[in-house]
Amino acid sequence: MTNHPYRAGWIHYTNVAPILDTLRLPAGVSAITGVPTQMNAALLSGEVDIANISAAEFIRHADTLAALPDFSVSVLGPVYSVNLFHSVPWPELRRVALTAQSATSVALLEVLLRESGVSPVLERAEGTAQDLLASGYDGVLRIGDSALREWYAVVGPLTSATTMTALPHQKGGISVTDLAEKWFELTGHPFVFAVWAYRRAAPPPPELVQAMRVSRREGLGCLSAVARRHGQQLGLPERVIQHYLWNFRYHLEAPDRLGLAEFAAKISPQHAPLLFGPAPG
């Protein structure tokens, strides 16, 4: 361990609960938490040394950042918590409200709109999907735990006779397009929402990386308990949270890197090479 404190910045949404809930920081490491855009800025400014940041920001700043080789927040197909809520069909979108909380989700939406030949006006606005739709937007991008709750409010409830994958994409005049699912339909690849990046000048101490791997193993090993706890916090059924969590790919495997490379080519064709730290062991 180095003598100066090593600073981490965590985006502690439910989707990383299996990693962060039981993480025990080694001596000499401190941590702060925030939304994706806050942690992106903190890492780039040097306020923190490592953070689970938006994949888009990792790509755009690949000249100064590196990523842990075996950590990600990725999915193959639906993610359930990065959604466009819309009151008109996708091809008819004209005015879309964007959240300011996530760079990657906004970049992903822009790619999907461009690839499908749709060019709505994109505006920053915060609020629930239903409130913003009622105010005149015909599409609203929502992310994270709030998006998961709002998705379930539209498509639920989940009964003993149904599964998450069988829930509808439309109800009560509101359609929900899962952006990760639409990415899979476009590319056939997983989508990487976040990586665990660090400033190249300040690689993480091995003790921290090992603690993260231990915490991930423990969290995935007791996923039902993690789901029960976070379901209670979010006011959602344990079954919903358990499916939501086991759906994630947390290890940045070869298919995930293919998806990340394709996303990088689409949002920043001239990006610097993506650098990953040494493999475990």
**Asked** Think R239 forms a cation-pi with Y244, using NZ or CZ under 6.0 Å from the six-ring centre and within 45 degrees of its axis?
**Response**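 No.
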Short question: side chain of [X], backbone of [Y] - any donor-acceptor pair under 3.5 Å?
X: T104; Y: A55; value: yes
X: R124; Y: T99; value: yes
X: N40; Y: P36; value: yes
X: S54; Y: A56; value: no
X: S45; Y: A41; value: yes
X: N52; Y: A194; value: no
X: R199; Y: A66; value: no
X: Y137; Y: D131; value: no
X: D178; Y: V79; value: yes
X: K266; Y: L112; value: no

**Request:** For F184, check ring-ring contact (aromatic ring centres under 6.0 Å, His included) against everything at least two apart and list the hits.
**Result:**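 F184: no ring-ring contact (aromatic ring centres under 6.0 Å, His included) contacts found.
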Is the shortest heavy-atom distance from the side chain of [X] to the side chain of [Y] under 4.5 Å?
X: Y152; Y: L234; value: no
X: V226; Y: T22; value: no
X: V73; Y: I19; value: no
X: H271; Y: I59; value: yes
X: E47; Y: I32; value: yes
X: D145; Y: S81; value: no

**Prompt:** Quick one: do the H86 and T177 side chains pair a donor with an acceptor below 3.5 Å?
**Reply:**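 Per modelled atom types, H86 and T177 side chains form a pair under 3.5 Å.
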**Request:** For E123, check salt bridge (Lys or Arg N to Asp or Glu O under 4.0 Å) against everything at least two apart and list the hits.
**Result:**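 Here the qualifying residues are R95.
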**Request:** Sequence neighbours left out, what passes salt bridge (Lys or Arg N to Asp or Glu O under 4.0 Å) with D70? Give chain and number order.
**Result:**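 Only R213, R216 meet the salt bridge (Lys or Arg N to Asp or Glu O under 4.0 Å) criterion with D70.
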**Item:** D138/R94 salt bridge by N-O under 4.0 Å criterion
**Value:**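 Looking at D138 together with R94, the answer is no, because their closest N to O distance does not fall below 4.0 Å.
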**Asked** Got a salt bridge between E115 and K182, using NZ or NE/NH1/NH2 to carboxylate O under 4.0 Å?
**Response**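 Judged by the 4.0 Å cut-off on N to carboxylate O distance, E115 and K182 do not form a salt bridge.
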**Asked** Which of parallel (below 30°), tilted (30 to 60°) and perpendicular (above 60°) describes F191 and F193?
**Response**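 Aromatic pair F191/F193 classed perpendicular.
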**Prompt:** Should the ring pair F263 and W183 be called parallel, tilted or perpendicular, given that the plane angle runs from 0 to 90° and is split at 30 and 60?
**Reply:**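 The arrangement is perpendicular - the two ring planes meet at more than 60°.
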Hydrophobic cluster membership, [X] vs [Y], 4.5 Å side-chain cutoff:
X: V192; Y: L76; result: no
X: V209; Y: V214; result: no
X: M164; Y: V82; result: yes

**Asked** What's the shortest heavy-atom distance between F58 and A197, and which atoms?
**Response**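 Nearest pair, atom of F58 first, then A197: CD1-CB, 4.1 Å.
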**Exercise: identify the closest heavy-atom pair between G139 and L133** =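 Between these two residues, the closest heavy atoms are N-CD2, 3.9 Å.
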**Derivation and outcome, side chain to side chain contact (heavy atoms under 4.5 Å, CB included), residues T64 and R200** = CA-CA 6 Å; T64 60; R200 293 188 186 186; 5.8 Å; no
**Prompt:** If you round to the nearest 0.5 Å, how far is CD of E150 from CD1 of I143?
**Reply:**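 One gets 11.5 Å once the value is rounded to the nearest 0.5 Å.
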**Request:** Could you walk me through whether D21 and R229 pass salt bridge (Lys or Arg N to Asp or Glu O under 4.0 Å), step by step?
**Result:** CA-CA 10 Å; D21 274 11; R229 181 168 62 251; 2.8 Å; yes
